[in-house]
Amino acid sequence: MRLSSRAATLLAVAAALPLALTACSSGSTDSSAPSAKQTKAKDPNAGLATGTQLKKALAPASAFPAGFAIETDNSADSGAQLITPSARKTGKPDCTKLEATSWIQVTGYEDSASFAQNDYVNAQKTEELAQEIDEFPGAQGTAVMKQLATVATECATFTDTSEHATVKVAGKATAGLGDEAYTITLTSGKWQNGTTLVAARSGSSVVTVLSTAGNDNGAASAKKLTTTLLAALKK
């Protein structure tokens, strides 16, 4: 699960801080050492929003259809600390990740500098709307979006984990959402309704939405939620 990997990373960073501070507390100076100005590297996470800030940009309960309630167990954020994302995992994508929240990880980018997420379900737990915002340093957000087209091709069909049904995957670039956007639609003959996944980049932020709400494979509700999130990021 994403939470366990993210929590482990944050704990490791926190544990390393005292050691770093101790190492820097020497009482002697070396006149031959480069100045702090010369050696200070540019922070790749400079200017990125923290998980605490991204949480405030998530759509509120009022943005969801009547009868939908938040799933508290699936609500999480990375807090006030930014991390340096790991390199993308290469190889064939795990297509089953398209079935779940945090589906952006199917691209191989399993870490971002920060994130916030939650999801809402109807009373019968037959429809779901999930939202997530990730912050990526440099051009990594653009790379994530580019990788989605590859995923849609490599995962053209796969077998889902619950009903062992054959799932068909269709992806396309989507205009009018953020700086760039990509939509993936999942359908199966054994499902009553399909799933729509939308990823949209706005600067360094990548919004990802999952929807099974409505009778259109979740398309309209997914687009509406994505638009709401992009607007919140601009405030």
Side-chain angles (χ1 to χ4, degrees), residues 2-3 5-6 9-10 13 40-60 62-64 75-89 93 97-98 101-120 129-152 171-184 196-211 219-235:
R2 176 179 195 139
L3 287 180
S5 62
R6 283 300 180 86
T9 301
L10 294 176
V13 171
K40 186 177 180 181
K42 183 179 180 181
D43 181 2
N45 290 336
L48 301 183
T50 66
T52 301
Q53 294 169 319
L54 293 177
K55 183 178 179 180
K56 297 177 181 178
L58 292 177
S62 58
F64 294 84
S75 300
D77 66 83
S78 55
Q81 192 169 20
L82 295 170
I83 66 168
T84 300
S86 57
R88 186 180 79 86
K89 288 188 176 181
K97 288 185 176 181
L98 293 171
T101 59
S102 294
W103 57 269
I104 192 173
Q105 293 185 346
V106 75
T107 60
Y109 291 95
E110 297 194 351
D111 296 306
S112 54
S114 60
F115 77 96
Q117 67 182 88
N118 62 35
D119 67 300
Y120 286 72
L129 271 163
Q131 58 179 341
E132 179 173 344
I133 309 173
D134 287 83
E135 284 279 295
F136 292 96
Q140 200 170 96
T142 302
V144 170
M145 296 299 299
K146 183 179 180 180
Q147 192 63 27
L148 286 174
T150 300
V151 167
K172 63 178 180 180
T174 307
L177 293 174
D179 296 324
E180 57 179 325
Y182 198 83
T183 300
I184 295 176
T196 294
L197 311 173
V198 179
R201 183 180 65 82
S202 177
S204 59
S205 305
V206 176
V207 167
T208 47
V209 166
L210 176 154
S211 178
S221 55
K223 183 178 180 179
K224 180 179 179 181
L225 182 55
T226 303
T227 301
T228 300
L229 290 169
L230 290 171
L233 288 172
K234 292 293 185 181
K235 292 181 180 179

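The chain is numbered in sequence order, starting from 1.
- Interatomic distance, CG of D119 versus OG1 of T101, reported as 5.5 Å (0.5 Å rounding).
- Counting heavy atoms from C-beta outward, L177 and L230 have side chains that approach closer than 4.5 Å.
- Residues Q131 and N118 meet the side-chain proximity criterion, which asks for heavy atoms closer than 4.5 Å.
- Between W103 and L148 there is a side-chain heavy-atom pair separated by less than 4.5 Å.
- The shortest heavy-atom contact between P85 and P137 is CG-CD, 3.7 Å.
- Considering all non-hydrogen atoms of both residues, L82 and L48 come closest at CD1-O, 4.0 Å.
- Contacts of E180 classified as side-chain hydrogen bond (donor to acceptor under 3.5 Å, both in side chains), with partners at least two apart in sequence or in another chain: R201.
- Of all heavy-atom pairs between A57 and L229, the closest is O-CD2, 3.5 Å.
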One pair to check against side-chain contact (heavy atoms from CB on, under 4.5 Å): I83 and N45. What are the steps and the verdict?
CA-CA 8 Å; I83 66 168; N45 290 336; 5.7 Å; no
Could you go step by step and tell me if E110 and S86 meet the side-chain hydrogen bond (donor to acceptor under 3.5 Å, both in side chains) rule?
CA-CA 8 Å; E110 297 194 351; S86 57; over 6 Å; no
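- In this structure, CG in D134 is found 8.5 Å from CD in Q105, a value given to the nearest 0.5 Å.
- Legend: residues meeting side-chain hydrogen bond (donor to acceptor under 3.5 Å, both in side chains) with T183, ordered by chain and number and at least two apart, are T174.
- Considering only heavy atoms from C-beta on, S211 stays 4.5 Å or farther from L225 through its side chain.
- Looking at heavy atoms from C-beta onward, L197 lies in side-chain contact with L98 at the 4.5 angstrom threshold.
- The structure places OG1 of T142 at 8.5 Å from CE of M145, a figure rounded to the nearest 0.5 Å.
- Between S112 and F136 the shortest heavy-atom distance is CB-CE2, 3.5 Å.
- With rounding to the nearest 0.5 Å, the separation of CG in D77 from CD in Q53 is 11.0 Å.
- Separating the CD atom in E135 from the OG1 atom in T50 is a distance of 9.0 Å, to the nearest 0.5 Å.
- Looking only at side-chain heavy atoms (C-beta outward), S202 and V207 stay at 4.5 Å or farther from each other.
- The backbone N or O of F115 sits less than 3.5 Å from a side-chain atom of S78, completing a donor-acceptor pair.
- Counting only heavy atoms from C-beta outward, the side chains of T84 and D111 never approach each other to under 4.5 Å.
- In plain terms, the two heavy atoms of A143 and Y109 that are nearest each other are CB-OH, 3.3 Å.
- Closest non-hydrogen pair, A222 versus T196, comes out as CB-CG2, 3.8 Å.
- A distance of 6.0 Å separates CG of L129 from CZ of F64, quoted to the nearest 0.5 Å.
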